[in-house]
Number of protein chains: 2
Amino acid sequence: MREFQTIPAWVASFPALKTITDPVWCEVSNNARIINLPVNTPIFHAGESCENYLLVLAGSVNVQKVTEDGHEITLYHMQPGHSCELTTACLLSGSCYHAEAITTTAVQAVLISKKEFMQALNGSDGFRKFIYSSIDSGMNELATLVEEVAFGPMDQRLAQHLLDSVLCTNPIKTTHYDLAVELGTAREVVSRLLKKFEHQGWVKLRRGEVEIIEKGELCTLVKHHAP
Amino acid sequence: MREFQTIPAWVASFPALKTITDPVWCEVSNNARIINLPVNTPIFHAGESCENYLLVLAGSVNVQKVTEDGHEITLYHMQPGHSCELTTACLLSGSCYHAEAITTTAVQAVLISKKEFMQALNGSDGFRKFIYSSIDSGMNELATLVEEVAFGPMDQRLAQHLLDSVLCTNPIKTTHYDLAVELGTAREVVSRLLKKFEHQGWVKLRRGEVEIIEKGELCTLVKHHAP
DNA sequence: TTTATTATGTGACTTAGTTACTGAAGATCT
DNA sequence: AGATCTTCAGTAACTAAGTCACATAATAAA
């Protein structure tokens, strides 16, 4: 029996969790496991049941849909400070996954077992609030994605993604194929658009790399919905 | 104080709710209001806060995204026996709506106030289970929609929607514009595809109506992912 | 009936996705 | 090192889908 338990250090990475002081959450968070995963590690597959809640401390996990005929599209990224909304939904309902997740970098994550997750959900008002608000933002992000996929011009979507990525490293380490999966389009389409960007002098292309030269021009492309 | 309350009759329309016997749910369900709405009544708009939980008894409500430049796409339909997953997410997190909802027929619905919803959520295991599983199916439906919008050929998506609609009435009462909103495409695209279907002898077109002649042919179009 | 509104048809054009290749860069093998 | 393999990128030709600018037809309103 641990009488005077403290909140573990990893919770500091989650602004919305670190204010929780319930004894239940204290117990559950202390029972969580921290795991380290190399790049390209599958986290879950469609059809699998969900046994753990997941919080990302470092790195990035790609959550995507894959169709029968091999088309892929990224739904969202699990990134530091965030959870996986599809996992949350699965745990809440006890159903199984309907998407794929794979690490795109080395990842450090917190694992909370289904049982402990349920205890925290039932016993901690703060944790429940956290889960509810992440469910809400997950739903709204998916709805927004539907809208973007349906109506967003490809050049703007590509530019936006490059701008998001360049915040980490400037020559962005990625292939045209990876960019295509990100946007749910074909590799050839990405290649064509990138060449166009390169001719404008906005980017410089090398094998496995996209270097952003004119951030500002990419921004105006994104902003101007009708140029 | 009502000591021997019974579950109200409308609950029978919801298979997943009618087995719940908690006193809390009994109380909440008895306090629900039943409302009747004419066709084309807005239920909520983006930016509004969410004050009531909604269950549909009869009719259909369209939930859709509308972009700045006027493009529209249907996310899902609230139909008899179902709730509105975006409303649920809003209530859970206390945030506001990020989509639009409007009745597409006359609608009879059950309204549960935010306060009563929260009481049922906290006090009734059965109701909580119902909410959790509807959140999960809502998320997965949205994720599947992303996939369909990204990769589904338009003719197949149109055929599928006609097949869904024809279950109600055979000459389907709809306009090409409405079909376009349903699929998130342009009216002209729908007009062209419908003309093609008509030339094949699969449908008969009249102003404001699509009559399905060859259900089987539309089915094979949908099934054969690569014809 | 005249006029206005809503629904549909169509051609010309742009953007996006597919098919079928090509060659080039890096990795692996001997 | 040189030969080979694998992955990545480029491109042309075609089909599908979305946009723009209309014309025409059916219904509703004045």
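Chain letters run A, B, ... following the sequence lines, proteins first, then strands; residues in each count from 1.
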In whole angstroms, the gap separating P of D:dG10 from CG of A:Leu205 amounts to 6 Å
For B:Arg192, the salt bridge (charged side-chain N to carboxylate O under 4.0 Å, His left out) test, sequence neighbours excluded, returns none
message = Please tell me if A:Lys195 has a side-chain N or O lying less than 4.0 Å from either OP1 or OP2 of D:dG10.
response = yes
Q) Any side-chain N or O of B:His176 less than 4.0 Å from the OP1 or OP2 oxygen of C:dT6? A) no
Residue set satisfying salt bridge (charged side-chain N to carboxylate O under 4.0 Å, His left out) with A:Lys195, at least two apart, ordered chain then number -> A:Glu198
Rounded to whole Å, the CD-P distance (A:Glu188 to C:dT22) equals 15 Å
Query raised in the report: Taking only side-chain nitrogens and oxygens of B:His199, does any of them come within less than 4.0 Å of OP1 or OP2 of C:dG9?
Result: no
B:Glu198 CD to C:dG9 C1', in whole Å, measures 11 Å
| Is there a donor-acceptor contact under 3.5 Å linking the side chains of B:His161 and B:Gln156? | no
side-chain contact (heavy atoms from CB on, under 4.5 Å) filter on A:Ser113, not counting sequence neighbours, yields A:Asn52, A:Lys115, A:Glu116
Whole-Å distance, A:Leu179 CG to D:dA9 P, equals 9 Å
On DNA chain D, more 5' by nearest nucleotide between A:Thr175 and B:Gly184 is A:Thr175
Residue set satisfying salt bridge (charged side-chain N to carboxylate O under 4.0 Å, His left out) with B:Arg157, at least two apart, ordered chain then number -> none
Once you measure the plane-to-plane angle for B:Phe117 and B:Tyr53, does it fall in the parallel (<30°), tilted (30-60°) or perpendicular (>60°) bin? tilted
Look for any protein N or O under 3.5 Å of an N or O in nucleotides 24-29 of chain D and output each such pair with its distance, or none.
none

Is a side-chain donor-acceptor pair under 3.5 Å present for B:Tyr177 with B:Glu182? no
| query | Donor-acceptor pair under 3.5 Å: do we get one between B:Arg187's side chain and the base of D:dG18? | reply | no
Residues passing the ring pair (Phe, Tyr, Trp, His ring centres under 6.0 Å) test with A:Phe151, sequence neighbours excluded, are B:His71
A:Leu194 CG to D:dA9 C1', in whole Å, measures 10 Å
Atom CZ of B:Arg206 and atom C1' of C:dG9 are separated, to the nearest Å, by 17 Å
Residues at least two apart in sequence or cross-chain that pass side-chain hydrogen bond (donor to acceptor under 3.5 Å, both in side chains) with A:Asp178, listed by chain then number, are A:Thr175
Residues passing the ring pair (Phe, Tyr, Trp, His ring centres under 6.0 Å) test with A:Tyr132, sequence neighbours excluded, are none
Find every protein N or O atom lying less than 3.5 Å from an N or O atom of nucleotides 12-16 of chain C, and list the pairs.
residue, atom, partner, partner atom, Å
C:dA16, OP1, A:Met154, N, 2.7

So the ring pair (Phe, Tyr, Trp, His ring centres under 6.0 Å) pairs with at least one residue in residues 178-216 of chain B (sequence neighbours excluded) are B:Phe197-B:Trp202
The salt bridge (charged side-chain N to carboxylate O under 4.0 Å, His left out) partners of A:Arg206 (sequence neighbours excluded) come to A:Glu209, A:Glu211
From CG of B:Leu183 across to C1' of D:dG18 the rounded distance in Å is 14 Å
Taking five pairs at each terminus, the helix from C:dT1-D:dA30 to C:dT30-D:dA1 shows an axis bend, to 10°, of 30°
From NZ of B:Lys173 across to C1' of C:dT6 the rounded distance in Å is 14 Å
Is the phosphate of D:dT19 approached by B:His71 (side-chain N or O, under 4.0 Å from OP1 or OP2)? yes
